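In what follows, a single structure is set out as structure tokens and then discussed.
When a residue number appears, it is its place in the shown sequence, counting from 1. As a basis for the values below, the full set of heavy atoms in this structure was taken, side chains included, without hydrogen atoms, waters or symmetry mates. On a predicted model such as this, the values are computed, not experimentally measured, just so you know.
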Amino acid sequence: MNTSLFELFKIGIGPSSSHTVGPMRAALRFARQLESTGLLLRTAKVTVDLYGSLALTGVGHGTDRAILLGLLGEAPDTVDPATVEAKIAAIRSTGSLALNGSKTIPFIEAENLNFRRNQMYPDPAVVSHPNGMRFTAFDNTGAKLAEEVFYSIGGGFIVSEAERTAESLTTARTVPYPFRNAADLLATAKQHNLTIANLLLANEVALLNDAKVSINRPENTSIPNTDARVPHPSQSHREGWDEQSSQSQTQSPEEEIRTSILALWQAMQQCTERGIATEGILPGGLNVRRRAHRLAERLNTIGSKDPLAPIDWVTVYAIAVNEENAAGGRVVTAPTNGAAGVIPAIANYYTHFIEGIEEEKREGILRYFLTAAAIGILYKENASISGAEVGCQGEVGVACSMAAGGLVAALNGTNEQVEHAAEIAMEHNLGMTCDPIGGLVQIPCIERNGMGAVKAINACRMAMHESGDHKLSLDQVIATMYQTGLDMQSRYKETSLAGLALNIIEC
């Protein structure tokens with residue numbers, strides 16, 4: 001196990017974890033490396049080359065803007081979305097940027113930022129990852145000072161060329177309950193009489209206490225409180241939650257982990273609230289109208305007499321988050337931005353529509369996120385969460401699987417039921433392509449999150465009503481998903497060269 005919950009779930013900005021968050025982190029890392037190696041002041045020019053999916057859909061996904069922000073020294077978890085337009089406009093109007101926030105250099109996108117749409121990989125002779133990018137710095141004589149190739153491998157994760165080729169040599173992090181696959185996870189949990197949630201909590205505490213491991217965990221104080229609430233038939237569930245998570249200044253390591261998880265949940269709620277409150281047209285040129293606000297108003301008007309009203313609300317929650325993501329707002333990657341609506345939609349379903357006292361609901365939410373993360377780690381480390389590598393089965397499919405298993409845990413299901421629900425959810429997302437119209441994370445991405453969330457509830461219910469063994473294991477389905485993704489033609493994997501992206505005329 002080399003991945004933390006807080007690396008799967010991380011606060012950033014939309015519209016894409018692989019095409020926005022990852023490139024911004026890569027550009028920031030390159031700028032900081034120039035400074036740390038003493039090359040920043042000597043740098044007179046920087047060029048950036050994008051390849052594969054980044055080149056083909058980068059404009060629609062905001063990759064160009066992300067690169068500019070990263071070179072400025074901005075990070076996806078701290079940049080204020082309200083200031084982004086002004087920062088980008090200043091670079092484009094002046095033809096210059098302050099590299100890492102200090103050294104001003106000329107930067108004209110048409111000359112310095114190159115979309116290599118006819119080249120899949122940075123080295124055309126070597127098959128690597130379809131989200132490659134090359135950063136090069138030059139001095140005032142034109143001599144090359146530094147060059148670095150990065151890959152955005154899904155979910156906002158990035159690796160350098162050196163890290164990619166040396167991946168098998170990576171030193172494993174030390175945790176009390178390591179696992180490599182779902183069979184390991186179930187066996188270890190059974191051996192130590194632990195739930196999956198408690199097993200992962202112990203591992204997260206160990207990572208927190210390991211001085212050699214650096215993980216960015218949100219703190220409750222870093223996320224502003226809000227009086228707004230996610231609209232739904234009953235609003236009482238959140239009374240006191242914000243105060244509870246920040247009441248103690250001195251916490252044990254376990255309490256710190258729990259507080260950070262609740263901070264992520266609070267950020268998700270705020271994103272949902274903004275998505276439901278905001279109306280208008282999404283940016284990008286497709287003229288897609290936001291729907292979450294109108295859907296929520298209609299549900300509030302007609303009431304909840306319809307026994308399927310909770311499903312309608314789940315759809316609203318998911319759509320609200322992904323409309324915020326499509327608008328470039330603040331979201332929580334879960335495990336990607338394109339699939340960011342599924343996890344919070346199911347968490348809202350649990351808190352709004354499942355009976356229980358306040359304290360138990362809070363514990364249920366913690367079980368939900370810890371268990372969902374354990375499932376997400378299995379996909380991240382044994383397959384892929386990159387739409388450019390395996391299609392949308394690696395994004396919405398994985399989020400659906402994570403949410404299904406997490407919901408079982410929130411409802412106090414067994415570890416075996418968790419594994420079964422996660423398997424069912426992915427089994428029925430196998431082969432799903434990634435074909436965004438116009439390269440925008442809008443159609444079919446926004447609705448697809450609503451469908452994925454509803455499917456997660458169904459998978460959870462099927463697993464919890466079953467007894468005994470099931471034929472397919474989660475490990476088998478993960479392996480199948482990965483192989484299916486590798487077999488899928490590249491034009492169906494976040495290139496906008498086939499599927500809906502080809503057959504729907506942009507208006």
Close side-chain approach of Tyr492 to Cys434, heavy-atom, < 4.5 Å: no
Looking at Asn449 and Ala345, would you say the former's side chain and the latter's main chain have a donor-acceptor pair under 3.5 Å? no
Sub-4.5 Å side-chain heavy-atom contact between Leu208 and Arg217: yes
Are Tyr368 and Ile346 close enough that some pair of their side-chain heavy atoms sits under 4.5 Å apart? yes
Can you give me the closest heavy-atom contact between Ala410 and Gly364, atom names plus distance? CB-O, 3.4 Å
Backbone N or O of Ile311 within a donor-acceptor pair of the Thr315 side chain at under 3.5 Å? yes
Expected output: side-chain Lys190 to main-chain Ala187 donor-acceptor under 3.5 Å: no
Evaluation steps, salt bridge (charged side-chain N to carboxylate O under 4.0 Å, His left out), between Arg291 and Glu447: CA-CA 10 Å; Arg291 290 185 291 169; Glu447 283 185 358; 2.9 Å; yes
Least distance between heavy atoms, Asn322 atom then Gly338 atom: ND2-O, 3.2 Å
With side chain to side chain donor-acceptor pair (under 3.5 Å) as the test, would you mind laying out the steps for Asn337 and Thr333 before giving the verdict? CA-CA 5 Å; Asn337 281 28; Thr333 301; 2.7 Å; yes
Thr336 and Glu395: side chain donor to acceptor below 3.5 Å: yes
Show your reasoning for whether side chain to side chain contact (heavy atoms under 4.5 Å, CB included) applies to Ser386 and Ile153. CA-CA 6 Å; Ser386 169; Ile153 59 174; 5.7 Å; no
Would you sort out whether Tyr151 and Asn131 count as a side chain to side chain contact (heavy atoms under 4.5 Å, CB included), showing the intermediate values? CA-CA 5 Å; Tyr151 300 91; Asn131 283 340; 5.7 Å; no
Check Glu324 with Arg274, please: is the shortest side-chain N to carboxylate O separation under 4.0 Å? yes
Look at the side chain of Thr351 and the backbone N and O of Asn348, then say whether any donor-acceptor pair between them is shorter than 3.5 Å. yes
Measuring from Asp184:CG to Leu378:CG, what's the distance to the nearest 0.5 Å? 9.0 Å
CA sep, side-chain torsions, deciding dist, call: Phe9, Phe369, ring pair (Phe, Tyr, Trp, His ring centres under 6.0 Å): CA-CA 9 Å; Phe9 298 124; Phe369 280 103; 5.6 Å; yes
Contact check, side chains of Leu8 and Leu5, non-hydrogen atoms, under 4.5 Å: no
Can you see whether Glu204 engages Ser4 through a side-chain donor-acceptor pair at a distance of less than 3.5 angstrom? yes
What's the verdict on side chain to side chain contact (heavy atoms under 4.5 Å, CB included) for Tyr317 and Asp312, showing C-alpha distance, side-chain angles and the deciding distance? CA-CA 9 Å; Tyr317 301 143; Asp312 293 333; over 6 Å; no
When you compare the side chain of Arg173 with that of Leu207, does any pair of heavy atoms fall below 4.5 Å? yes
As an exercise, state the distance from CG of Asn198 to CG of Asn203, rounded to the nearest 0.5 Å. 11.0 Å
Donor-acceptor side-chain pairing of Thr259 and Gln251 below 3.5 angstrom: yes
Asn193 atom CG: more than 12 heavy-atom contacts under 6.0 Å: no
Rounded to the nearest 0.5 Å, what separation is found between the CD1 atom of Ile13 and the CG atom of Asn325? 10.0 Å
Search all heavy atoms of Ala197 against all heavy atoms of Leu370 and return the closest pair with its distance. O-CD1, 3.6 Å
Going by distance alone, is a donor N or O of one side chain under 3.5 Å from an acceptor N or O of the other, for Asn216 and Asp77? yes
According to side chain to side chain donor-acceptor pair (under 3.5 Å), who are the partners of Thr371, at least two apart in sequence or on a separate chain? none
Does atom CG of Asp80 have more than 12 heavy-atom neighbours from other groups under 6.0 Å away? yes
Student check: side-chain heavy atoms of Ser496 and Asp435 closer than 4.5 Å: no
Would you call Lys471 and Glu427 a salt bridge, taking side-chain N to carboxylate O under 4.0 Å as the test? no
Side chains of Tyr379 and Ser401: any donor to acceptor distance under 3.5 Å? yes
Between Ser473 (side chain) and Gln476 (backbone), is there a donor-acceptor pair under 3.5 Å? yes
Side chains of Thr20 and His61: any donor to acceptor distance under 3.5 Å? no
With no hydrogens and no angle check, is any side-chain donor or acceptor of Glu419 less than 3.5 Å from a backbone partner on Leu474? yes
For residues Glu389 and Ser384, is any side-chain donor paired with an opposing acceptor at under 3.5 Å? yes
Residues Gly156 and Arg25: closest non-hydrogen pair is O-NH1, 2.5 Å
Working to the nearest 0.5 Å, report the span between CE of Met481 and CG of Asn382. 9.5 Å
Report yes if some heavy atom in the side chain of Leu440 is under 4.5 Å from a heavy atom in the side chain of Pro436; otherwise report no. no
May I ask you to decide if Ala182's main-chain N or O and Asp475's side chain share a donor-acceptor pair within less than 3.5 Å? yes
Considering all heavy atoms of both residues, which atom of Asn429 and which atom of Lys455 are nearest to each other, and what is their separation? OD1-NZ, 3.4 Å
Worked verdict on Trp313 versus Leu295 for side chain to side chain contact (heavy atoms under 4.5 Å, CB included): CA-CA 9 Å; Trp313 276 109; Leu295 291 172; over 6 Å; no
On a heavy-atom basis, which atom in Arg330 and which in Pro76 lie closest, and how many Å separate them? NH1-O, 2.8 Å
Roughly how far apart are Leu200 CG and Arg367 CZ, rounded to 0.5 Å? 14.5 Å
Measure from the side-chain N and O atoms of Thr272 to the backbone N and O of Met268, and report whether any donor-acceptor pair falls under 3.5 Å. yes
Assess whether salt bridge (charged side-chain N to carboxylate O under 4.0 Å, His left out) is satisfied between Glu355 and Lys361, documenting all intermediate values. CA-CA 9 Å; Glu355 295 292 331; Lys361 285 293 187 70; over 6 Å; no
Indicate yes or no: does Arg29 engage Glu163 in a salt bridge with an N to O separation below 4.0 Å. yes
Is a donor from one side chain sitting under 3.5 angstrom from an acceptor on the other, for Asp487 and Gln483? yes
Do Gln393 and Thr484 pair up side chain to side chain, a donor and an acceptor below 3.5 Å, judged on atom types alone? no
Just verifying a value: how many Å separate Arg461 CZ and Leu411 CG, rounded to the nearest 0.5 Å? 9.5 Å
Please say whether more than 12 non-hydrogen atoms of neighbouring residues, nucleotides or ligands are located less than 6.0 Å from CE in Met488. yes
Without swapping roles, check the side chain of Glu360 against the backbone of Ile357 for a donor-acceptor pair under 3.5 Å. no
Less than 4.5 Å apart, any side-chain heavy atom of His470 and any of Glu416? no
Test item: Gln442 side-chain N/O and Leu282 main-chain N/O as donor-acceptor pair under 3.5 Å: no
